[in-house]
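Data first, discussion second: the structure below is written as structure tokens.
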Amino acid sequence: MSNPAVPPRSLAEALRARDDVSLAALLRARPDLITPVPTDLTQLATRAGTRASVVRALERLDRFALQTAEALAVAADPAPYGELLALLTGDDGDPAVSAALPRALGTLREQALVWGDDERLRLVRTARELLAPAPQHPSPTGLGPTVQEATAGMSPGRIQDIVTAAGLGSTHDSVSAVASLTALFTDRERMSALLAGLPEESREVLSRLVWGPPYGQVTAEPAAHLRRLLDLGLLVPTAPGTVVLPREVALHLRGGRAHREVEPLPPAVEPAATHRPQVVDATAAGQAYTALATVEELLRDWDEGGPAVLRAGGLSVRDLKRTAVALDVAEPVAAFWVELAYAAGLLASDGEADERYAATPAHDEWLEQPPAERWTRLAEAWLTATRVSGLVGGRDAKDRTLSTLGPGLDRSAAPEVRHRVLTLLAGLPEGASPSRESVLARLRWERPLRGPQREDDLRSRLAEWTVTEAELLGVTGRGALSGHGRALLGASAPRTPDKAPEGPGDKLPVHHRPTVAEPLSPAEQATASAAAARLLAPLLPEPLDHVLLQADLTAVAPGPLQRSLAEVLDILADVESKGGATVYRFTPGSVRRALDAGQSASDLHAFLAAHARTPVPQPLTYLIDDVARRHGHLRVGAASAYVRCDDDALLNEILADKRAAGLRLRRLAPTVLAAQADPASLLDGLRAMGFAPAAESAEGDVLITRAHAHRTPPRTAPEPVPDGPPVPDATLLSAAIRAIRAGDLAATTPRRQTDQPQPASGELPRTSSAETLATMQAAVLTGEALWIGYVNAEGSASQRVIAPIRVEGGFVTAYDHTADEVRTYPLHRVTGVAELAEE
């Protein structure tokens with residue numbers, strides 16, 4: 001272990017001084033560091049400094065933590081805490097920044113982006129390279145290079161000219177000259193006097209460059225006011241025609257601030273409107289019922305086999321439009337419902353040669369569940385899905401159109417953004433709906449982009465889609481989080497400020513604090529979903545077992561219908577309008593459809609009498625009887641196809657009708673007509689002409705054309721695309737830390753000095769088999785610990801510290817200090833052995 005009184009000289013030493021709790025926090029914040037588990041702390045530090053890992057860590061910082069890292073990148077290396085604070089607060093100071101800086105610095109330290117004590121703060125080298133100003137990637141601070149960096153390629157004579165023009169004494173070398181110039185630019189009093197002597201035009205040029213970008217263009221013969229700046233070194237040429245404002249000069253002009261605007265606290269999520277919680281819950285429950293009805297209607301529409309799967313995967317634009325018409329919604333909304341059903345595992349492709357989309361067997365199980373439980377399944381699938389329906393219609397990296405159910409719709413950040421938006425809503429008072437701008441501003445603070453902020457960045461679009469989709473699904477009502485939506489998140493009601501603040505986090509207003517820290521575990525989510533279902537169930541309307549029949553051949557369903565009633569009514573009548581009450585219309589075609597499905601006229605009369613709260617109107621009775629009387633009067637079979645009828649006058653009427661020309665009919669007998677069309681086309685053609693033919697079998701029996709549901713083989717719901725390695729649980733963290741500590745002990749334990757050459761750091765000890773055996777046997781007698789190199793059966797090499805207990809039969813049994821247990825090792829896998837130094 002390192003001595004806590006001695007400042008660490010490297011990130012590895014800083015990690016070695018941490019306790020297990022601190023290491024666990026690091027590995028939880030940066031799970032990519034234990035994939036796979038490092039062999040020791042040196043390897044952990046090396047991995048923590050790799051570019052990919054550092055970029056990932058920087059992208060997950062909040063705005064103030066990132067601004068702190070950016071300030072460290074332009075500070076001295078190492079920098080004392082006071083210098084960092086001055087860069088963030090400036091000459092005037094800022095109490096809010098001063099109070100928030102320890103938390104931000106603690107975050108950077110916890111994630112191993114900063115190490116060292118408060119007198120020697122060091123930013124990890126890779127992070128400094130990413131955040132420090134450079135011509136290729138300007139710093140978000142808008143600062144340029146230091147005087148030393150800007151004058152690196154300048155001739156010694158030119159540097160001496162600048163020093164002389166600035167009123168400084170000449171030096172014997174460029175290094176001391178640059179140091180003298182730097183001291184001038186960082187001396188507030190002398191620098192103010194130097195700038196006061198400049199003409200107004202020169203100061204105007206500096207003011208245009210002070211907040212960045214720090215680079216400007218000059219001609220080969222600059223004007224006098226520009227020449228004055230160049231002579232004094234206030235502008236330094238970097239290339240022909242290009243000059244830069246040195247960092248020290250810019251910081252003086254800024255009053256010592258590295259950023260124009262420092263944001264130590266997150267912006268508030270402001271309520272835009274407030275509604276009674278009962279109104280919110282009722283609105284959300286109504287939309288939840290609509291969501292269930294829409295998904296059921298979608299799957300019923302695809303019950304016999306849905307649209308074909310495109311060769312590249314997904315749904316065609318034409319099929320999406322047809323689905324939108326069937327659901328009576330806009331195409332983007334139809335894409336959302338299709339993707340939601342797919343995410344919930346309710347529909348998939350059937351995998352046949354002529355591949356089509358269809359409902360899965362899980363759909364039938366879903367239909368048997370209570371409505372509230374069916375809703376929670378949809379809501380859970382939406383919360384965790386990485387497929388984003390809002391991208392449909394856009395273009396991928398290869399300029400191909402993104403289609404519904406097609407590839408390219410996964411965005412790993414989607415679940416996190418959905419959860420965070422809903423968490424912000426949960427932090428508002430019950431019934432309050434936030435303004436869009438305040439939600440987006442808060443999200444941008446929590447996860448800022450490294451670079452210019454864009455209004456159309458993916459996270460902002462995901463947040464906007466989340467708000468819309470939550471309303472469609474019934475998680476929110478009137479823009480506010482509902483009671484069952486709050487339960488689904490596992491959130492409690494917002495806290496009230498009933499006590500004095502105790503820490504930096506408690507200094508935030510109540511509505512700034514999230515009520516949910518992170519997504520729930522599967523077990524916690526199951527409990528939360530059950531609670532949401534219990535809250536939602538009483539709010540959903542009870543299914544009705546009746547309709548209201550009207551004399552204009554319509555039926556009104558004043559609410560949701562029982563499934564058995566709705567299924568029969570969907571066959572017997574056509575839906576004319578939807579809404580709070582659904583209007584069905586009876587037509588000759590719809591009645592014929594019911595007869596084709598095997599119903600008789602008496603069955604239909606009995607069904608209507610049993611489910612009508614009003615008397616069955618006489619026009620409806622006449623319609624059913626009239627269609628039933630004519631149903632099956634004509635018979636269609638396969639010849640290619642034929643029509644037979646005992647009434648030859650009716651066949652004459654068909655032959656004389658011009659609309660029958662396309663069927664190419666001819667008379668075979670007084671009661672039989674033959675057609676060149678297939679039976680299905682013949683049936684459709686005759687029905688279009690106003691007749692009511694019935695199909696018959698080869699034996700002459702009427703065929704019942706009842707629809708058969710088409711199901712895919714058993715399918716699992718699509719797995720979300722992970723956003724990097726998963727956060728390790730406590731068991732994995734404990735095992736990983738134990739293994740890292742053990743490897744580090746073996747790698748850092750001091751060895752006894754001998755005449756034999758010592759292995760380099762990180763290398764395994766090498767000794768002969770005889771020497772290894774003799775050293776092991778001697779250690780058994782003396783009880784001393786040894787340092788060994790070991791290669792396991794998979795070929796992985798490791799270093800271990802063991803205390804041999806017994807050596808026999810080609811094996812050594814020893815207490816392994818690195819594993820903290822007794823183990824047996826084959827001697828032929830031990831690469832070498834070395835004695836440890838005495839305490």
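All heavy atoms count here, side chains included; hydrogens, waters and symmetry mates do not.
Shown here is Arg395, whose CZ atom has more than 12 heavy atoms of other residues, nucleotides or ligands within 6.0 Å.
Salt bridge Asp301/Arg322: present, at least one basic N to carboxylate O contact under 4.0 Å. Salt bridge Asp62/Arg103: present, at least one basic N to carboxylate O contact under 4.0 Å. Of the charged side-chain nitrogens involved, at least one lies within less than 4.0 Å of a carboxylate oxygen, so that Arg447 and Glu416 count as a salt-bridged pair. At a threshold of 4.0 Å, the pair Arg444-Asp457 counts as salt-bridged, since one of the basic side-chain nitrogens sits closer than that to a carboxylate oxygen. Comment: Arg738 does not engage Asp20 in a salt bridge, judged by the lack of any side-chain N to carboxylate O separation of less than 4.0 angstrom. Taking a cutoff of 4.0 Å between a charged side-chain nitrogen and a carboxylate oxygen, Arg420 and Glu446 qualify as a salt bridge.
His363 pairs by the ring-ring contact (aromatic ring centres under 6.0 Å, His included) definition with nothing, not counting sequence neighbours. Partners of Ser22 according to the side chain to side chain contact (heavy atoms under 4.5 Å, CB included) rule, which considers only residues two or more places apart in sequence or in another chain, are Arg18, Asp19.
The backbone N or O of Leu440 sits nowhere less than 3.5 Å from a side-chain atom of Trp445 that would complete a donor-acceptor pair. Arg486 places a side-chain N or O within donor-acceptor distance of the main-chain N or O of Ala426, the cut-off being under 3.5 Å.
Side-chain atoms of Ser435 and Glu270 include no donor-acceptor pair closer than 3.5 Å.
Of all heavy-atom pairs between Leu131 and Leu66, the closest is CD2-CD1, 4.5 Å.
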